[in-house]
Asks: 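Please read through the structure below; I'll follow up with questions.
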Amino acid sequence: MSENIIGYIDHQGNIIDTQSAGENCTATPIEYDNSEASLEIIRHSTAHLMAQAIAELYPNAQFFVGPVVDEGFYYDFRVDEQIGENDLKTIEKKMKELIKKKYKIEKYEMSKAEALEKFANDDLKQKVMERIADDTLSIYKQGDFEDLCRGPHVPALRFLHHFKLTRVAGAYLGGDETAEMLTRIYGVAFADKESLKAHLSMLEEAKKRDHRKIGAQMELFMFNEEAGAGLPFWMPKGAKLRYKLESILHKAHLMRGYEPVRGPEILKADLWRTSGHYACYGENMYLTSIDEQEYGIKPMNCLGHIQVFKQTQKSYRDLPIRYYEYGVVHRHEKSGVLHGLLRVREFTQDDAHIFCTQEQIATEVLQVVEFVDAVMKLFGFEYTMEIATKPQKAIGEDEVWELATQGLKDALESNQLPYTIDEGGGAFYGPKIDIKITDAIGRKWQCGTIQVDFQLPQRFEVEYVAEDNIRKRPVMIHRAILGSFERFIGILTEHYAGEFPFFLAPTQVIFVPIGESHSEYAHMLKKMLLKEGIDAEVYDKNDSLNKRIRTAEKQRVPYVVIIGEEEVANKTVAIRDRRNKEQYNLTQDEFMVKLITQLQEGTI
RNA sequence: GCCCAUAUGGCUCAGGGGUAGAGCACUUCCUUGGUAAGGAAGAGGUCGUGAGUUCAAGUCUCACUAUGGGCUCCA
């Protein structure tokens, strides 16, 4: 047996460790390297090694589960002492000491009954075994440390070198919010030093793109302790960026037959009772009272749109009617989940409601999918679609849910659009298609959503007059493309690392006049740009030329334009093109044409 | 909400039981410069908030608020 073999993989893709394989295994060997299978074994064993170290440092520790996850592993355990970030180093040190003892990792088996007996005093192990159906359980042993585990593991501790414990966290036992909270330590592990280093520096890079960091650097947005958590403020640069995004999308909506509407921020609680929000979503709503009447601050915009629809009589000839609103909504998110712009308590949705007949659902859903695709392409985003089905808290008949869910599936399938299913993830009033973007660090964020709803039209008695002069109930499609401006701009910021495309950049051009006498021409150019809707600034304060160029460059603007004797005399501009990392000269007219052309790229 | 950690001028951070430091930014003056930091002077903080321990708290303890990493949930 080769020194480097740490396991085998069979035809079904199952990993068999050397402890289980015996001498004459015919499955494909797994070498010690950074392959997926190899890393899975290494990480699992590293988790055990960590548990062994914790057991030595904290003799009262009890262990729950320690699985392999993306890039690493974790172990959940219960311990009397508080464990903080500083303790990670101590645990790592102990792990390295244990490796030096050159323990082999041995496996033996026993019946479940024997195992229950063996771990009789360990309620966490009892809980683990409750979840296992098998009659025979395996135990892995290294030195004095034993743990119930199905493997796979490396043959001996000497295979573990390149790991790092990354964070301490709390985790509910079994992910159940009402259950006890255990301590969880996360770590990463690789087969060689370089991969570990590369992974850690990748995390550093990701930190540099963090929208909270860039947002502060570029003065896009802020939060304020005195105002409250999860309530974003938009600074001038951020507001300019957001306005540009709103404008692009506004045109795109008009082109697709949407009409703008606007509803109030707060509505009487009875309306929320009728809709079902009060019962199904009440704990997330902010309630208040006016003249002894209960009101609710809107967490969604649907009710306003329904009222607008109902205000005038509608004919089948009017359908589909597509109302859209940049609707400000408030939702009480738990304090621990707030996260920069990605998770806030007040946000603005690019929300729309399409009122249509049942026959029109498929066409409308597809049109929305096309809209989503156009937006994602504009920003170069990868995305996936997921159909979410009926949740536990829901209103309406099962058959209606079936019908609506099937409608969504049909729409995607008839156009060969791939999707996955999120069982029980729907809104309380209907199933939905969620659009998930992958961000710079590989995290997935739900942004756009398309929801088919038979419930609210019924609850609010929404009607239109059909061809046969009979009043009928329209279907509502709720949809958002970006999801919210807050979240989407957060993701955009990380996606571009602050280097926004020309049509979005808060400041698109910075003019740097060399001397005082060149300022006038620079200001004249700035005015010309403003007329075309292009944001420009002139850096003519009392600093050296180099300093001003440096300051301008640090703003991450697409173009820094230098204006000197030559430019003033010839009516030209000297451009530093940050995106293409070039310098060149253009005439004033060529410059204008170039910028206006680039502005057009932001069209959907 | 729960677990762990953090909170020092606008920003990034150092310090640490005996009355606050640096760099950048800001203000003023000098410099008028052809592509990433010219020079000088100056102003700015009751060290997140509130209690407690102490002769003495920014430094130790507790609570709260906010932020960060997770659990759970979600646009």
Side-chain angles (χ1 to χ4, degrees), chain A residues 74 76 78-79 82-88 166-186 207 210 212-213 216-217 219 222-231 281 283-284 299-300 327 329 331-345 347-351 388 391 425 427 432 434-437 445-449 451 478-488 490-491 512-519 540-554 560-567 574-576 578 583:
Chain A
Y74 68 77
D76 282 352
R78 182 197 288 144
V79 68
Q82 275 197 354
I83 296 190
E85 312 251 315
N86 288 334
D87 301 313
L88 296 184
T166 49
R167 51 196 180 233
V168 196
Y172 295 108
L173 200 160
D176 177 0
E177 206 178 348
T178 59
E180 170 191 6
M181 181 159 266
L182 302 175
T183 303
R184 172 176 294 180
I185 296 182
Y186 283 94
K207 256 189 211 164
D210 190 308
R212 291 167 298 189
K213 190 172 179 143
Q217 279 170 5
E219 298 180 0
M222 56 179 257
F223 291 91
N224 181 315
E225 187 177 340
E226 289 174 83
L231 303 172
Y281 203 78
E283 58 193 26
N284 285 314
M300 298 180 191
V329 295
R331 297 182 184 180
H332 180 73
E333 300 291 352
K334 290 176 188 169
S335 59
V337 305
L338 301 175
H339 181 99
L341 283 182
L342 301 184
R343 196 66 183 278
V344 291
R345 287 183 174 151
F347 56 98
T348 307
Q349 294 179 306
D350 60 325
D351 206 1
K432 56 181 184 172
D434 281 332
I435 289 96
K436 302 204 169 182
I437 297 180
W445 289 98
Q446 183 177 331
C447 291
T449 184
Q451 311 174 353
H478 308 240
R479 55 108 278 200
I481 310 275
L482 308 183
S484 80
F485 284 93
E486 285 75 10
R487 179 176 288 184
F488 196 77
I491 295 167
V512 182
I514 290 171
E516 231 169 274
S517 58
H518 317 128
S519 250
D540 56 357
K541 74 169 216 176
N542 187 12
D543 270 327
S544 68
L545 177 66
N546 281 354
K547 179 66 177 291
R548 285 178 290 138
I549 289 171
R550 177 181 153 81
T551 315
E553 288 285 337
K554 283 180 71 179
V560 174
V561 177
I562 312 296
I563 302 294
E565 277 306 327
E566 205 181 300
E567 287 74 25
I575 296 177
R576 286 174 66 103
R578 280 177 53 72
Q583 296 187 22

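Here is how names work: the chains are called A, B, and so on, in the same order as the sequence lines, proteins then strands, and each is numbered from 1. Just so it is clear, the structure is predicted and the values come from calculations on it, not from any experiment.
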Asks: Starting at OH of A/Tyr74 and ending at C1' of B/rC3, how long is that distance when rounded to a whole Å?
Replies: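 Going from A/Tyr74 (OH) to B/rC3 (C1'), I get 15 Å.
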Asks: Indicate yes or no: at least one non-hydrogen side-chain atom of A/Phe488 is less than 4.5 angstrom from one of A/Ile481.
Replies: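 No, every pair of side-chain atoms sits at 4.5 Å or beyond.
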Asks: Name all residues meeting the side chain to side chain donor-acceptor pair (under 3.5 Å) criterion together with A/Glu180; count only those two or more places apart in sequence or in a different chain, and write none if there are none.
Replies: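 Partners of A/Glu180 under the side chain to side chain donor-acceptor pair (under 3.5 Å) test: A/Arg78.
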Asks: Would you say that A/Asp350 contacts A/Arg479 through its side chain, given a criterion of any heavy-atom pair below 4.5 Å between the two side chains?
Replies: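 They are in side-chain contact.
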Asks: Just to be sure I understand the rule, does A/Leu182 reach a base, reach only the sugar-phosphate, or reach nothing, if contact means heavy atoms closer than 4.0 Å?
Replies: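 Nothing, no nucleic acid heavy atom in range.
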Asks: Please give, in whole Å, the distance from B/rG50 P to A/Glu225 CD?
Replies: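 For the pair A/Glu225 CD and B/rG50 P, the rounded distance is 12 Å.
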Asks: Tell whether A/Arg576 reaches the base of B/rA36 with its side chain through a donor-acceptor pair below 3.5 angstrom.
Replies: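 Result: at least one qualifying N/O pair found.
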Asks: Does OP1 or OP2 of B/rG33 have a side-chain N or O of A/Ser544 closer than 4.0 Å?
Replies: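 No, no such contact exists.
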Asks: Please report the distance separating the P of B/rG58 from the corresponding atom of B/rA20, rounded so that it comes out in whole Å.
Replies: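 Here B/rG58 and B/rA20 have their P atoms 10 Å from each other.
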Asks: Is A/Lys547 close enough to B/rA25 that one of its side-chain N or O atoms is under 4.0 Å from OP1 or OP2 there?
Replies: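 So the side chain of A/Lys547 is within the cut-off, an N or O lying under 4.0 Å from OP1 or OP2 of B/rA25.
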Asks: Pick the C1' atom in B/rU27 and in B/rU53, then give their distance to the nearest Å.
Replies: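 Each nucleotide's C1' atom is 43 Å from the other's.
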Asks: Classify the nucleic acid contact of A/Ala480 as base, sugar-phosphate or nothing, counting any heavy atom under 4.0 Å across all strands shown.
Replies: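 A/Ala480: no heavy atom of the nucleic acid under 4.0 Å.
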Asks: Between B/rG10 atom C1' and A/Asn224 atom CG, what is the distance in whole Å?
Replies: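 Distance, rounded to whole Å: 13 Å.
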Asks: Is A/Arg578 touching bases, backbone alone, or none of the nucleic acid, heavy atoms closer than 4.0 Å?
Replies: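 Answer is base: heavy atoms of A/Arg578 come under 4.0 Å of a base.
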Asks: Within the structure provided, determine whether A/His332 and A/Pro299 are in side-chain contact (heavy-atom separation under 4.5 Å).
Replies: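 A side-chain contact under 4.5 Å is absent here.
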Asks: If you look at every heavy atom in A/Pro513 and A/Asp540, which pair is closest and at what distance?
Replies: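 Taking A/Pro513 first and A/Asp540 second, the nearest heavy atoms are CG-CB, 3.7 Å.
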Asks: Please give the distance between the C1' atoms of B/rG34 and B/rA40 as a whole number of Å.
Replies: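 The same atom, C1', in both gives a distance of 26 Å.
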Asks: First locate atom CG of A/Asn542, then atom CD of A/Glu516, and finally report the distance between them rounded to the nearest 0.5 Å.
Replies: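 Taking CG in A/Asn542 and CD in A/Glu516, the distance rounds to 8.5 Å.
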Asks: Roughly, in whole Å, what's the span from CD in A/Gln217 to C1' in B/rA25?
Replies: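 Checked: the CD to C1' distance equals 14 Å.
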Asks: Using a heavy-atom cut-off of 4.0 Å across all strands, would you classify A/Glu567 as base, sugar-phosphate, or nothing?
Replies: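 Base: the residue A/Glu567, judged by heavy atoms under 4.0 Å, touches a nucleobase.
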Asks: Would you please confirm or rule out a distance under 4.0 Å between OP1 or OP2 of B/rU32 and any side-chain N or O of A/Arg548?
Replies: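 No, because none of the side-chain N or O atoms of A/Arg548 sits under 4.0 Å from OP1 or OP2 of B/rU32.
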Asks: Select base, sugar-phosphate, or nothing to describe what A/Gly327 touches, counting heavy atoms under 4.0 Å on all strands.
Replies: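 It contacts nothing in the nucleic acid.
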Asks: Minimum heavy-atom separation for A/Val560 and A/Ala552, please, with both atom names.
Replies: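 Smallest heavy-atom distance, with atoms named: CG2-CB, 3.9 Å.
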Asks: Indicate the atoms forming the closest heavy-atom contact of A/Thr348 with A/Glu486, along with that distance.
Replies: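 Result for this residue pair: N-OE1, 2.8 Å.
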Asks: Once you apply a heavy-atom cut-off of 4.0 Å, does A/Gly515 come out as touching a base, just sugar-phosphate, or nothing?
Replies: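 It contacts base atoms.
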Asks: With the side chain of A/Asn546 defined as its heavy atoms from C-beta on, choose the nearest nucleotide among B/rG34, B/rG68, B/rG38.
Replies: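 Given the options B/rG34, B/rG68, B/rG38, the side chain of A/Asn546 is closest to B/rG38.
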Asks: From the set B/rG1, B/rG38, B/rU35, return the single nucleotide nearest to any side-chain atom of A/Ile562.
Replies: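 Selected nucleotide (nearest to the side chain): B/rU35.
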Asks: When you check the gap from the basic side-chain N to the acidic O, do A/Asp434 and A/Lys436 get nearer than 4.0 Å?
Replies: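 Result for this pair is no, no salt bridge flagged.
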Asks: Looking only at heavy atoms, which two atoms of A/Ala427 and A/Gln451 are closest? And how far apart?
Replies: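 For A/Ala427 and A/Gln451, the tightest heavy-atom pair comes out as CB-OE1, 3.8 Å.
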Asks: For A/Asp543 and B/rG34, give me the distance from atom CG to atom P, rounded to whole Å.
Replies: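 In whole Å, B/rG34 P and A/Asp543 CG are 16 Å from each other.
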Asks: B/rG38, B/rG34, B/rU32: which one has an atom nearest the side-chain heavy atoms of A/Leu545?
Replies: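 Looking only at side-chain atoms, A/Leu545 lies closest to B/rG34.
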Asks: Between atom CD1 in A/Ile563 and atom P in B/rG33, what is the gap in whole Å?
Replies: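 Checked: the CD1 to P distance equals 17 Å.
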Asks: Return the stems involving RNA chain B, sorted by first number, where pairs are Watson-Crick (N1-N3 with N6-O4 or O6-N4) or G-U wobble (N1-O2 and O6-N3), both under 3.5 Å, and runs are 3 or more long.
Replies: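 As far as RNA chain B goes, consecutive pairing (with distances under 3.5 Å) yields the stems B:1-7 with B:65-71, B:10-13 with B:21-24, B:26-30 with B:38-42, B:48-52 with B:60-64.
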Asks: Rounded off to whole Å, could you give me the CD-to-P distance for the A/Glu226 and B/rU49 pair?
Replies: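 About 10 Å, once rounded to whole Å.
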Asks: If you look at every strand shown and take non-hydrogen atoms under 4.0 Å, does A/Gly230 touch a base, only sugar-phosphate, or nothing?
Replies: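 The residue A/Gly230 makes sugar-phosphate contact but no base contact.
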Asks: To the side chain of A/Gln82, which of B/rA36, B/rA5, B/rG38 is closest?
Replies: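 The listed nucleotide nearest to A/Gln82's side chain is B/rA5.
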Asks: Could you tell me whether A/Lys213 contacts a base, only the sugar-phosphate backbone, or nothing, with contacts defined as non-hydrogen atoms closer than 4.0 Å?
Replies: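 Here A/Lys213 touches no strand at all.
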Asks: When rounded to the nearest Å, what value does the distance between P atoms of B/rC62 and B/rA5 take?
Replies: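 After rounding to an integer number of Å, I get 10 Å for this pair.
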Asks: Of the options B/rG34, B/rU27, B/rU35, whose atoms approach the side-chain atoms of A/Gln583 most closely?
Replies: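 Closest nucleotide among those given: B/rU35.
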Asks: Let me spell it out: for each of A/Thr183 and A/Leu338, pick the nucleotide of RNA chain B with the closest heavy atom. Which residue's pick is nearer the 5' end?
Replies: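 Its nucleotide being nearer the 5' end, the pick is A/Thr183.
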Asks: Could you check whether any side-chain heavy atom of A/Gln446 comes within less than 4.5 Å of a side-chain heavy atom of A/Lys432, counting everything from C-beta outward?
Replies: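 Sidechains of A/Lys432 and A/Gln446: in contact.
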Asks: Using the P atom on both, measure B/rC11 against B/rU49 and round to a whole Å.
Replies: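 So the two P atoms sit 14 Å from each other.
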Asks: Between B/rU6 and B/rU12, how far apart are the two C1' atoms, rounded to whole Å?
Replies: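 Pairwise C1' distance, B/rU6 against B/rU12, rounds to 15 Å.
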Asks: Which heavy-atom pair separates A/Ile514 from A/Gly564 by the least distance, and what is that distance?
Replies: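 Of all heavy-atom pairs spanning A/Ile514 and A/Gly564, the closest is CD1-CA, 3.7 Å.
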Asks: For each nucleotide in nucleotides 70-75 of chain B, reading 5' to 3', give B when a protein heavy atom comes within less than 4.0 Å of its base, S when such contact involves only the sugar-phosphate, and - otherwise.
Replies: BBBBBB
Asks: Please give me the minimum heavy-atom distance between A/Phe223 and A/Gly230, naming the atom from each residue.
Replies: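 In terms of heavy atoms, the two residues are closest at CE2-C, 4.1 Å.
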Asks: Nearest heavy atom decides the nucleotide; on that basis, is A/Phe223 or A/Ala574 closer to the 5' end of RNA chain B?
Replies: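 Its nearest nucleotide lies further toward 5', so the answer is A/Ala574.
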Asks: In whole Å, what is the span from the NE2 atom of A/His518 to the C1' atom of B/rU32?
Replies: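 Result: 9 Å.
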Asks: With rounding to whole Å, what would you report as the distance between B/rG48 and B/rG10 at their C1' atoms?
Replies: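 To the nearest whole Å, 16 Å.
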Asks: In whole Å, what separates the C1' atom of B/rC47 from that of B/rU19?
Replies: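 Straight-line distance between the two C1' atoms is 13 Å.
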